Protein chains: 2
Amino acid sequence: MSETKPMTAAGRRILDAAGELFYSRGITAVGVDLIAEHSGVTKRTLYNQFGSKDQLVVAYLEEREQRWQLLVRETIAAAASPIEAVLAPLEAQRTWNQNNPRGCAFINALAELPDPTHPAHVVATQEKQWLIDLFRELAAAAGCSAPDTLATQLLVLHEGALVTQQLSLDTLSVSIKLARELVLAATSTESQAASA
Amino acid sequence: MSETKPMTAAGRRILDAAGELFYSRGITAVGVDLIAEHSGVTKRTLYNQFGSKDQLVVAYLEEREQRWQLLVRETIAAAASPIEAVLAPLEAQRTWNQNNPRGCAFINALAELPDPTHPAHVVATQEKQWLIDLFRELAAAAGCSAPDTLATQLLVLHEGALVTQQLSLDTLSVSIKLARELVLAATSTESQAASA
DNA sequence: CCTACAGTACACCGATCGGTAAAGGAGTGT
DNA sequence: ACACTCCTTTACCGATCGGTGTACTGTAGG
């Protein structure tokens with residue numbers, strides 16, 4: 001279930017090289033020749049393994065999605081309480097960002113591939129959908145009164161921290177702190193209603 | 001001061017066409033031939049006017065920056081109070097997004113042009129710097145106790161709302177509502193300190 | 001009238017783009 | 001011995017990339 005394809009050794013190297021290059025330099029800016037060269041593989045092998053550049057891009061995004069979602073799930077599992085679990089995706093970002101200084105690969109992919117019918121575009125949007133659904137579930141599990149609103153707020157904070165990462169400011173810490181206050185406020189049984 | 005270059009009629013059409021194409025399809029994905037064709041101009045004229053594609057990209061971003069900052073300033077001037085003025089950039093986004101459904105052109109540019117030495121990259125980062133500085137000034141003018149923190153929070157909300165715009169959710173309204181609460185809390189003289 | 005300049009038309013450049021053809025070497029299982 | 005898969009090598013394809021050279025036209029100003 002975790003691995004749908006056996007993936008040959010050459011295929012792995014190709015996907016690794018593509019991952020680094022696509023993320024660090026941008027998808028459109030990286031050609032298949034460069035990927036083949038960096039993975040020590042012939043262009044022919046690349047096409048035998050992935051069929052086309054678009055499919056390689058999809059494989060690249062899907063693998064990133066799997067790794068990211070795995071990290072999030074692990075962080076949730078390690079959370080001390082349901083309330084801390086709601087903040088887990090934000091906390092996971094702290095770990096993730098250390099090796100990924102170029103922001104969100106899915107957002108970047110959406111910026112480069114505007115065509116909604118492009119398979120890579122679909123993968124990227126699905127990832128964001130997965131995240132907000134997760135926030136909603138976690139919020140509900142923590143006993144939040146309005147899971148939808150809180151999930152949207154957390155998604156905004158998550159994406160905002162992600163996209164401002166490239167600036168010098170430590171926006172992630174600010175986002176997590178604010179997110180914690182929101183979660184605590186939303187799960188406490190006291191006075192809460194739509195403010196003016 | 002507002003116009004450093006006279007800009008011929010052909011130059012205007014080129015910049016207009018480049019603006020539409022770069023924003024809607026992505027910078028790397030759009031070639032100079034396509035821009036020349038869409039602006040009803042020869043490629044030669046394009047190069048006589050702008051010198052290179054990179055310089056055209058810079059001109060594109062700079063003009064967007066001018067238009068956006070003008071809108072923000074107008075919204076600030078129309079604000080009913082210093083507190084509402086802090087929210088003006090968020091409110092301006094509501095207007096702006098109607099004609100710009102593809103998110104932030106500067107963020108997209110950063111995604112496509114990772115090279116920090118690229119002139120377009122510099123312009124894009126400067127724009128974000130301008131915004132957080134503006135938030136800080138507005139927060140201070142509104143009598144906020146901790147302008148830096150509030151400014152960072154508002155920047156995160158701003159960018160988060162911008163980048164999640166492409167999803168179906170109305171994240172901007174949620175962001176503005178939350179931002180208003182933050183501003184009100186930060187400008188009230190009552191109990192406020194770092195929470196747990 | 002003449003110059004200066006903006007713009008056009010068109011051909012051209014080397015480089016790179018994504019993708020393919022054909023043939024063969026190396027390892028494995030039958 | 002056989003076929004099969006994986007991968008290699010080399011060469012090639014049409015298209016497009018950013019960018020240039022050159023010669024011509026229209027038009028406004030001195």
Side-chain angles (χ1 to χ4, degrees), chain A residues 3-61 109 112-115 117-121 123, chain B residues 3-61 109 112-115 117-121 123:
Chain A
E3 37 185 334
T4 56
K5 304 163 190 174
M7 177 78 62
T8 66
R12 254 267 54 89
R13 271 182 296 150
I14 294 170
L15 199 48
D16 287 342
E20 287 187 24
L21 292 170
F22 281 154
Y23 181 70
S24 62
R25 305 192 194 182
I27 294 173
T28 315
V30 171
V32 287
D33 300 79
L34 187 64
I35 296 172
E37 182 187 344
H38 269 68
S39 50
V41 151
T42 324
K43 200 159 55 152
R44 186 75 252 193
T45 304
L46 191 155
Y47 276 92
N48 285 340
Q49 290 290 325
F50 295 95
S52 71
K53 184 187 178 180
D54 278 354
Q55 291 176 263
L56 178 58
V57 172
V58 170
Y60 149 66
L61 289 178
E112 289 199 74
L113 311 169
D115 180 9
T117 68
H118 194 292
H121 190 105
V123 174
Chain B
E3 39 184 334
T4 55
K5 305 163 189 175
M7 177 78 62
T8 66
R12 256 266 53 90
R13 271 183 296 149
I14 293 170
L15 199 47
D16 288 342
E20 287 186 23
L21 291 170
F22 282 155
Y23 181 69
S24 62
R25 305 192 194 183
I27 295 173
T28 315
V30 170
V32 287
D33 300 79
L34 186 65
I35 296 172
E37 183 188 342
H38 269 68
S39 49
V41 152
T42 326
K43 200 160 54 156
R44 201 76 187 89
T45 303
L46 191 155
Y47 276 92
N48 285 340
Q49 289 291 326
F50 295 95
S52 70
K53 184 187 177 179
D54 277 355
Q55 291 176 261
L56 178 58
V57 172
V58 170
Y60 148 67
L61 289 178
E112 289 199 73
L113 311 169
D115 181 9
T117 68
H118 194 294
H121 189 106
V123 174

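From a predicted model like this one, the values you see are computed outputs, not experimental measurements. In what follows, chains carry the letters A, B, and so on, assigned in the order in which the sequence lines appear, proteins first and then strands, with residues in each chain numbered from 1.
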State, without any angle test, whether A:Asp115 and A:Thr117 hold a side-chain donor-acceptor pair at a distance under 3.5 Å. yes

What are the residues of residues 35-55 of chain A, sorted by number, that bring a heavy atom to within less than 4.0 Å of DNA chain C? A:Lys43, A:Arg44, A:Tyr47, A:Ser52, A:Lys53

Strictly distance-based, threshold 3.5 Å: is any side-chain N or O of A:Lys53 a donor or acceptor partner for the main-chain N or O of A:Tyr47? no

Give a yes or no answer on whether the side chain of B:Thr8 reaches the backbone of B:Gly11 with a donor-acceptor pair at less than 3.5 Å. yes

Show me, pair by pair, the donor-acceptor contacts under 3.5 angstrom made by side chains of residues 34-41 of chain B, not counting sequence neighbours?
from    : atom 1 : to      : atom 2 : distance (Å)
B:His38 : ND1    : B:Leu34 : O      : 3.3
B:Ser39 : OG     : B:Ile35 : O      : 2.7
B:Ser39 : OG     : B:Ala36 : O      : 3.2

A:Glu112 side-chain N/O to B:Glu112 backbone N/O, donor-acceptor pair under 3.5 Å: no

Atom CG of B:Asp33 to atom P of D:dT20: distance rounded to whole Å? 13 Å

Find the distance B:Leu113:CG to D:dG18:C1' and express it as a whole number of Å. 15 Å

